[in-house]
Amino acid sequence: MSNAFIHFDKVSKAFGIMTVVDDLDLTIGKGEFVSMLGPSGSGKTTLLMMLAGFEKPTSGSISVAGKRVDALPPHKRNMGVVFQNYALFPHMTVSENVAFPLKMRGASRSEMVERVTKVLDMVQLGAFHERKPIQLSGGQQQRVALARALVFEPEVVLMDEPLGALDKKLREQMQMDIRDIHHRLGLTIVFVTHDQTEALTMSDRIAIFNHGKIEQIGSPSEIYDRPRTQFVAEFIGETNLLSGKVSSFNDGILSVILEGGQLLRVTSASKIEVGKSVKVSIRPEGIELGQSGLGENELRVRVSDIVYHGDHLQVQVEAGNNPLVVKATRQTLAPQIGEEVTASFSPSQCWIVT
Amino acid sequence: MSNAFIHFDKVSKAFGIMTVVDDLDLTIGKGEFVSMLGPSGSGKTTLLMMLAGFEKPTSGSISVAGKRVDALPPHKRNMGVVFQNYALFPHMTVSENVAFPLKMRGASRSEMVERVTKVLDMVQLGAFHERKPIQLSGGQQQRVALARALVFEPEVVLMDEPLGALDKKLREQMQMDIRDIHHRLGLTIVFVTHDQTEALTMSDRIAIFNHGKIEQIGSPSEIYDRPRTQFVAEFIGETNLLSGKVSSFNDGILSVILEGGQLLRVTSASKIEVGKSVKVSIRPEGIELGQSGLGENELRVRVSDIVYHGDHLQVQVEAGNNPLVVKATRQTLAPQIGEEVTASFSPSQCWIVT
Amino acid sequence: MRALPLSKALFGSAVVFFLMAPLFAILPLAFTDSIFLNYPIPRFSIRWFTELLTADAWRRSIINSLVIGVGTTVLATILGTVAALGLRGKSFSLLFGFFRTVFLLPMVVPAVVLGVGMQLMFAQYGLANTYLGVIVAHTVIAIPFVVVNVTAALQGIDHRLENAAASLGASPAVVLQKITLPLALPGVVSGAVFAFATSLDEVVLTLFVAGPNQRTVARQMFSTIRENISPAIAAAAFLFIVGTVALGALVLLIRQRSVRSL
Amino acid sequence: MRALPLSKALFGSAVVFFLMAPLFAILPLAFTDSIFLNYPIPRFSIRWFTELLTADAWRRSIINSLVIGVGTTVLATILGTVAALGLRGKSFSLLFGFFRTVFLLPMVVPAVVLGVGMQLMFAQYGLANTYLGVIVAHTVIAIPFVVVNVTAALQGIDHRLENAAASLGASPAVVLQKITLPLALPGVVSGAVFAFATSLDEVVLTLFVAGPNQRTVARQMFSTIRENISPAIAAAAFLFIVGTVALGALVLLIRQRSVRSL
């Protein structure tokens, strides 16, 4: 966010009585990779469509590089857009698809050939110039779509769940490729997804959308390790939420008395008033199970279920009336269902959410 | 597999010149939960459709409880089927949908009311009797579909990617519910999915399909920890595959010389001839990175990339010319990109695949 | 891409005017007081509507139109629905192409050709100048509309619904009765309405196969206009349009209800 | 659910026979040697085809049919395509319902009603008994076929293709020209073929608006059969069917090619 490149200023969008984007401010820096993540209907795609020019904001303004763009039609915005279904022109060859934006800009024949060749080589489709889109696999089509969005060297590339239609292995490969291209070309990328892994692995920053507003924006580790709200904590990864009341605050460590009476010690950046009700979020991988305690926080729990996940075990335990989920690595010895064990976790694994 | 309940005997299915299911044998025990997992087009859904009676085998026979069923039309097979899109009858209420199979069996009015009420209570939809399917959420519709497939107490329930259309949280909830119903009612369930997590967490056994054949069938941990082939190892979870030649075999421990010259010690149940080329599969979570070695196998590696995944870090390293992926927990100190470290793993983390 | 909106609107209005003009030209004359089908209209009256309902030739023709229309609707709807069910799901076979062409042929073969053929055939089977003959003739050209509508409705039905019903214990006949037909009903009703409208409108075939006793309203209008041009025609046209719009509204209503409930 | 196959096949064949019978009745008579349109055929000959191409009235009517058919096709295709583009994507507004009804009205309004209206209107504007008048009349009833076909083709186009083109720098006019129209082309061609076929087949409207100089083949067949029943009609019908089947094959071919390339 060093320099504000794309700026949404109090942007709202309503369809009839449905407010889809609600008085939203967002600044994206030049060269940043920002993911918009949220449940369907949370407004992330609508925001992207407004940036691309396919929808007009009901109120507010959008500017890029200091110039307002919200009155410009899409074809004057100079942004590359990649769609989930690729949106390749079925009646044109791969070359013609990729050359299309250059033709629109009146490029010369030789320049077109040169740039199309270069960008198709970049996405490793140099041998597919004359194919029709239908003759390509999903991953290849997505590469053509990417090439077409990059060939006219737009400053901003918008991607609307571009990898949603690909299978897992291919998706991971394309994630790496896009990350790579982002670093190499220094593009500003706005990326809409509902896949949290995608957002965590690719982005400089993630904006978590909920009901047309951004609940939290920050780096992947800020979002995952220091979620501000219960919604963010539950949306990104899995989490355990325990309710309690603050009983003291000393040296950055809160003491919280849970509803079951147990005492937790929780690190907290900000002071919270004694007596206030709070929710504590603890990630499943932050808890260790054993016969005796190891950390500063210990809860006596009974194992209720163990689910095999291949690379880890998901252990469900009951701490008083609170069910907790624990991610146990396969290296450690797994407890048995019905066994009483101690769940321990350090104060730094606990985080207060609102 | 205590007692063979469903038995596929040399079943093949061809559409024109495309062989979709290829000379397949499969036995499913009474009360078992068997998942069929594989890429699209691998024949898993076709096999289910043949069991349900919607497709006829080109050759081979299918029997249930000792009786051949492959000549029976679907409505005489007495199997509950749950479809991905739920396939609820849009012109009937929830009650009418669930009562449909009872009506087909000539149940009395009072028996119908009683059993529909009971099964809708079981899936927590007691309050939705009079709704039309369109008025329900995806998860509720799936519950109705499940109730409808269970209400006539079939001995076998077939599920064709039943959770594919639900979002992540709901899918996990429904996985737990189906697991629960399976245990409570002692049903035989055949479950088709392309989601490996679903298969790992729910099944008694998993059959991995590839090109119309079953590559491997076994319990989730057999499939994950002891994959027989490279395809299975790569399809379930992530893995690293290293090529080498066997140099000796002693006491259940193989010595393998990798292409780069390094020596690995690998546990192996069966003896493999000295000099044979093999592939060694090592799961990313089985490798530890550190300044000095810890295990019996050690490789000197250079860190090439680190990708943040929230609950873990995916570290990409180069061991000679072999790229390896390592899953590092967040508790351990992460190495830096470019650093040279030691990757260590015990022989029991290595597994020979063909 | 809601572009060029003004030019589209202007052009659209021009096309609408172009299409509506003939109707606007004739409809007001239904209310003339004069005995000539001419502008200007001296005085307004409903005398030509009274004429329609009292003059023997017109009364008979209205009854004939209804009898033949209902007969055609029943016959065409049954045959067309069965044909659509039979054609269903075979969209990629060559046979399907052949059958579909056959079913849609009457839509494109000139009515004159059909009419001559029927006249020849009906004379042989004693159907000439009978109600049954006219109904059969109208059914031939009404069937394509039923086939098209029912086929569209059937294409909208997810096959898995029928598979689900079968797996729950329904035999093919029960699946047809409880699942397929109820879901295709909107298409069947649309097809029936089109069949009725087609029968009402048909002139050329009726000229060939109907005797003086089977004169329909459309046929009667046709002869009247060639014999003496009376404003009764405009009145009949007015009733026609009102009926057509009502039928069209009915079809739209049924479609929308079915969209909502699916 | 491929059930009841035998009964379906039997019933299907019966319906096919029912629909084809009138054509089978008339077509062989095209090759009769006799001057009567009757069975049995004494000897086969092609004298009536020769008659069609040499007799002045028939030759004129063939030329008239082609001139009017081509004129109708061009006018109806342009107007219908523009109308379909204008209606596009407004499927849920009330206005859309109104416009759609207007465009499809000529499909259901009796030709007699339209004919009377046009006769009145054309007399006023000097279009009566002119080629332009006949072309306009045919265009009114051909437009719905173009609208239906082009609308179906437009509905098959993913809006995101047009959004993508816009984001790549294409103005709305360029999007229309480079993306929308090329993708809708199969529908436009189908519509044009239907418009041509409609013009060829039309009798009733032609009777009302055409003068003796604009006699089309269908009109000529209609009068011939009422004046003297000559086998020239069967020969004309034969040519008609061959032309129709050829046009139908063309449409199917275009559709299949477009399916393959999309």
Side-chain angles (χ1 to χ4, degrees), chain B residues 15-16 45 48-55 69 72-93 96-107 131-135 141 144-154 156-162, chain C residues 81 84-86 88-97 149-192 250-251 253-262:
Chain B
F15 295 105
T45 296
L48 198 78
M49 293 295 120
M50 287 194 283
L51 185 52
F54 305 138
E55 300 284 357
V69 299
L72 282 181
H75 65 283
K76 294 202 174 136
R77 296 205 184 185
N78 205 38
M79 296 174 183
V81 184
V82 182
F83 293 85
Q84 176 169 10
N85 69 338
Y86 324 134
L88 298 180
F89 306 134
H91 57 304
M92 301 185 191
T93 63
E96 286 165 352
N97 263 283
V98 177
F100 189 85
L102 301 175
K103 217 172 185 172
M104 290 302 117
R105 284 164 178 76
R131 297 270 184 100
K132 285 282 181 79
I134 192 103
Q135 298 169 299
Q141 288 187 45
V144 177
L146 200 58
R148 194 178 61 175
L150 296 175
V151 70
F152 59 106
E153 294 173 3
V156 183
V157 177
L158 312 180
M159 301 192 183
D160 184 15
E161 309 213 10
Chain C
T81 302
L85 285 170
R88 185 180 182 206
K90 305 192 176 60
S91 40
F92 292 105
S93 75
L94 207 69
L95 201 70
F96 173 83
N149 275 284
V150 178
T151 298
L154 289 175
Q155 276 171 350
I157 298 177
D158 187 342
H159 249 303
R160 284 171 294 190
L161 290 179
E162 292 161 292
N163 277 347
S167 76
L168 296 169
S171 65
V174 175
V175 172
L176 185 67
Q177 179 204 335
K178 296 274 184 192
I179 308 296
T180 313
L181 284 181
L183 291 175
L185 194 62
V188 175
V189 173
S190 298
L250 183 69
V251 172
L253 204 75
I254 287 164
R255 290 229 174 122
Q256 283 193 347
R257 263 196 51 201
S258 74
V259 166
R260 228 178 290 136
S261 78
L262 284 184

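On a predicted model such as this, the values are computed, not experimentally measured, just so you know. These values consider heavy atoms only, across backbone and side chains, with no hydrogens, waters or symmetry-generated copies. In what follows, every chain begins at residue 1, and chains take the letters A, B, ... in the order their sequences are listed.
Contacts between B:Met92 and chain C at a heavy-atom distance below 4.5 Å involve the side chain alone, from C-beta outward. Only the backbone of B:Leu88 comes within contact range of chain C, with heavy atoms under 4.5 Å apart. Neither the backbone nor the side chain of B:Arg77 comes within less than 4.5 Å of any heavy atom of chain C. Using a 4.5 Å cut-off between heavy atoms, B:Phe54 touches chain C through its side chain atoms alone.
Under the side chain to side chain contact (heavy atoms under 4.5 Å, CB included) rule, B:His91 has a single partner from C:Leu185, C:Ile179, C:Leu161, which is C:Ile179.
With contacts defined as side-chain heavy-atom distances shorter than 4.5 Å, the pair C:Arg160/B:Tyr86 does not qualify. By the 4.5 Å heavy-atom criterion applied to side chains, C:Asn163 and B:Phe83 are counted as neighbours.
A pairwise comparison of heavy atoms in C:Ala170 and B:His75 identifies O-CB, 3.1 Å as the closest pair. Counting all heavy atoms, side chain and backbone alike, C:Ser167 lies closest to B:Phe152 at O-CZ, 4.2 Å.
Comparing B:Gln84, B:Met79, B:Lys76 by heavy-atom pairs within less than 4.5 Å of chain C, the highest count is held by B:Met79. Among B:Gln135, B:Lys103, B:Arg105, the residue making the largest number of heavy-atom pairs under 4.5 Å with chain C is B:Arg105.
Taken to the nearest 0.5 Å, the CZ atom of B:Phe89 stands 11.0 Å off from the NZ atom of C:Lys178.
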